[in-house]
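Taking it in order: structure first as structure tokens, then the write-up.
Given the structure is predicted, the values throughout are model-derived calculations rather than measurements. Here is the naming used below: chain letters follow the sequence lines, and residue numbers restart at 1 for every chain.
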Number of protein chains: 4
Amino acid sequence: MTAAGRGPESTPPPRGRGRPRSEEARADILRATRELLLEEGYTNLAISHVARRARVAKTTVYRWWPTKGELVLEAAGACIAIGEVPDTGSTSEDLRIASEQLIQTFSDPMAAVVIFAAISPADHDPDLAAAFRDRHVYPWRMSAARAIERGLGRADIPPGRDVGFLLDVLVGTVLQRTLVVAHPETEGLAEKMRDLIMGLG
Amino acid sequence: MTAAGRGPESTPPPRGRGRPRSEEARADILRATRELLLEEGYTNLAISHVARRARVAKTTVYRWWPTKGELVLEAAGACIAIGEVPDTGSTSEDLRIASEQLIQTFSDPMAAVVIFAAISPADHDPDLAAAFRDRHVYPWRMSAARAIERGLGRADIPPGRDVGFLLDVLVGTVLQRTLVVAHPETEGLAEKMRDLIMGLG
Amino acid sequence: MTAAGRGPESTPPPRGRGRPRSEEARADILRATRELLLEEGYTNLAISHVARRARVAKTTVYRWWPTKGELVLEAAGACIAIGEVPDTGSTSEDLRIASEQLIQTFSDPMAAVVIFAAISPADHDPDLAAAFRDRHVYPWRMSAARAIERGLGRADIPPGRDVGFLLDVLVGTVLQRTLVVAHPETEGLAEKMRDLIMGLG
Amino acid sequence: MTAAGRGPESTPPPRGRGRPRSEEARADILRATRELLLEEGYTNLAISHVARRARVAKTTVYRWWPTKGELVLEAAGACIAIGEVPDTGSTSEDLRIASEQLIQTFSDPMAAVVIFAAISPADHDPDLAAAFRDRHVYPWRMSAARAIERGLGRADIPPGRDVGFLLDVLVGTVLQRTLVVAHPETEGLAEKMRDLIMGLG
DNA sequence: ACTTAAGCGAGACGGTACGTCTCGTCTTAAC
DNA sequence: GTTAAGACGAGACGTACCGTCTCGCTTAAGT
């Protein structure tokens, strides 16, 4: 999604000789998609509106992104990239960083839209959900699980706790505060999360 | 929503003389709505389909429920009623019950649909969200907050913890496990939640 | 199609209680169809254009005329109604009238469009062709065949001639002159046709 | 069109240096056009389909035949070449041959498609029509007119008949029987036509 | 009993978005 | 400098729902 070039996304038919894809149109479409995602939400995002705002033919959108899900996933890609949890050697610091990553990502309004679109059964787009999980959720979750296991190994985290459960506490709580309740203030949240997981005061 | 009579819902124009509202049609519509909610999801729920399945004119649906949100909220009312957290005198028991209530409610497939429809910015229906919160979320949240405060008062919960934060831990974690990750197994989850909040092993 | 009222055409679902069909919209659509038929031809006649010009929703057109052919057939109905050949007692007069009917009908620009659309394999619309034949061609052809048979019976027409062949001479020649070569002048044509069939000078 | 070389058709950019025009592509395109004309009809003939079937780029088709009409006219050229009416010295034989030529030509399914496409106002392509007439209709018509005039001169044809009218009788009747009514059986038709024109039994 | 307002089924209507199709033009790379 | 490949803007296709509306029948409350 980032430095690697837009890599795996939007490579429809293998490009041959013909006219090269218009990067201008591509950028316009993605920009229009981002704008409309924020303005209208995922459900109300209409391909025809994207095309109109991007001043592009509807066919051009469909040519490159066969479904709304793929278009959104690519348009919002940068916003929903969360990365992985590093291994700093300090459980406390690892957990704080993990929390911070979640908070940062979830605080982006665009990410909120995409995450709910991927998660919600309201408009359950299985392909979108699967792609989202594979690309963004699993890598982070795996690295976070390793951080927790390191903490348990060092006895920084009370023994006997279930790793999967702690992950859900971490993710769920941040999800709840940032997206559901939509607390604007996230000051000190990462530290609280860390303390909770580590069983500190 | 329950025995008290369907109370505030579905009181469209002030009823005067004329023909009384057909309870049969009403029940048919709500049943059809529930069925289609599960089959199609919130977004794909079409009023015209509800009317067809209920063998009722589209007008009849619109007469009583001006928006899809209100129709859904009432149709799914019983499934999303969570009640309040009791005061048993035992912090441990109060918290276990509170967790259990969340788990039970969130485990209902219909509740999942409605909760996401209310929560998700994907189809942000502010009225639906507001009504949902006022009727179902706030009462439970208030009573749960009181239970936590009692626990803090009795020093059953480590001091210095933020009540609002603990509430979000509780709700968010259950939300994550039951709806997002969609773990079918909820065995022992309530006890884990209680222990986490109370700072036990 | 004529005085009898629009009779058999455009009676889609049997009308029940609901809102009555808007005669205004109906008339607007048919008028727009006629205009566009003359301006654009049958092939280039677009339902969306009809709707736009009639200031009507596209769905309204589709509701009543499921295909372009049916719409055109009804819109042009009056222009392509040819009637039947009368029995005046005089072979000469019957044949002159028959020729005149063909000439009159084929001379209408709208009829030309519809006839070719029905006839031409270029845009062979089998339904249109069949409906056109049943409603307009066959009745006339049958009555013209009877007129020729009466002429043969009275020996006004040279014996030994094939009735079907003479019919094709009649229709084909007028078709050729009025539609293919598009002679604007039809003066004396009916008399020439009559004389040819009757084997006169 | 025939041995004379494809003469006037399809000489777009002046043939000079560069890569010579691919005769293979040319033949493929014309063959594909013929096939699709029969399969789909003139209206439904899509340039993109021609290109696909000929395994050729759409551009290549457009380069050499700027319109669908010209492409069709050339592709079907051989089928619609009718030649001229000879002067055998016998009016009866000349007229029989003229009729036979019409019957043979009109009986070709491809010719039917092209003739209607040229004739029909449904898709009135003035250029196609004009080219068709200049190349195929007029030469035959002129020679047929001369044959009739010879017959009138020899008094083989009843005097006082209009040459143009008789031509239209000839063409129109065959058109009607072979294309409109689509009689498969043309046995004896040429003789009937001859007898009619000559005023015989 | 008579009136009359409302409930209700039925469905027409103007809109709008869908995803697919073909059009004819254009741009580029390969040969 | 022809060719293949194909991107592109344009716009029609026929379908699905939307939410509003206009009917005409039915029903019961209020007189």
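Across the interface with DNA chain F, nearest-nucleotide mapping of A:Ala25 and B:Tyr62 shows A:Ala25 to be the residue nearer the 5′ end. Comparing C:Ser48 and D:Arg55 against DNA chain F, the residue whose closest nucleotide sits nearer the 5' end is D:Arg55. Comparing B:Val56 and A:Leu45 along DNA chain E, the residue whose closest nucleotide (by nearest heavy atom) sits nearer the 5' end is B:Val56. Remark on DNA chain E: of its neighbouring residues A:Ala46 and D:Pro66, the 5'-side contact belongs to A:Ala46, judged by nearest-heavy-atom nucleotide.
A:Arg19 places its CZ atom 6 Å from the P atom of E:dT27, with the value rounded to the nearest Å. As rounded to whole Å, 14 Å separates atom C1' of F:dG9 from atom CG of A:Asp28. In this structure, CZ of D:Arg26 is placed 16 Å from P of F:dT2, rounded to the nearest angstrom. The CD-P distance, from A:Glu23 to E:dT28, rounds to 13 Å in whole Å. The CG atom of A:Asn44 sits 13 Å away from the C1' atom of E:dT16 (whole-angstrom rounding). One interatomic measurement links the two molecules: CH2 of C:Trp65 to P of E:dA12, which rounds to 12 Å at whole-angstrom precision. Between C:Glu24 atom CD and F:dT22 atom C1' there is a gap of 15 Å when expressed in whole angstrom units.
Looking at heavy-atom distances under 4.0 Å, D:Arg52 makes no contact with the nucleic acid at all.
The side chain of A:Arg63 has F:dC8 as its nearest neighbour among E:dC8, E:dG15, F:dC8. Looking at the side chain of A:Ala57, the nearest of the listed nucleotides E:dG14, F:dG9, E:dT22 is F:dG9. The nucleotide whose nearest atom lies closest to any side-chain atom of B:Lys58 is, among F:dG19, E:dC21, F:dC23, F:dG19. Closest to the side chain of A:Arg21, out of F:dA4, F:dA12, F:dC8, is F:dC8. Checked against E:dG14, F:dG6, E:dA12, the side chain of C:Thr59 finds its nearest nucleotide in E:dG14. Checked against E:dG19, F:dA12, E:dA17, the side chain of A:Ile47 finds its nearest nucleotide in E:dG19.
When atom types are taken as modelled, the side chain of B:Lys58 and the backbone of B:Arg52 share no donor-acceptor pair closer than 3.5 angstrom. D:Thr33 contributes a side-chain N or O that, together with a main-chain N or O of D:Ile29, makes up a donor-acceptor pair within less than 3.5 Å.
D:Glu39 has no carboxylate O lying under 4.0 Å from a charged side-chain N of D:Arg34, or vice versa, which leaves the two without a salt bridge. A salt bridge links D:Glu74 and D:Arg26; the closest N-O separation between the charged side-chain nitrogens and carboxylate oxygens is under 4.0 Å.
Dashed line: the shortest gap from a side-chain N or O of B:Trp64 to OP1 or OP2 of E:dC8 is under 4.0 Å. For E:dC8, neither phosphate oxygen OP1 nor OP2 lies less than 4.0 angstrom from any side-chain nitrogen or oxygen of B:Thr60.
Here the CZ-OG1 distance, from B:Arg21 to B:Thr60, works out to 10.0 Å after rounding to the nearest 0.5 Å.
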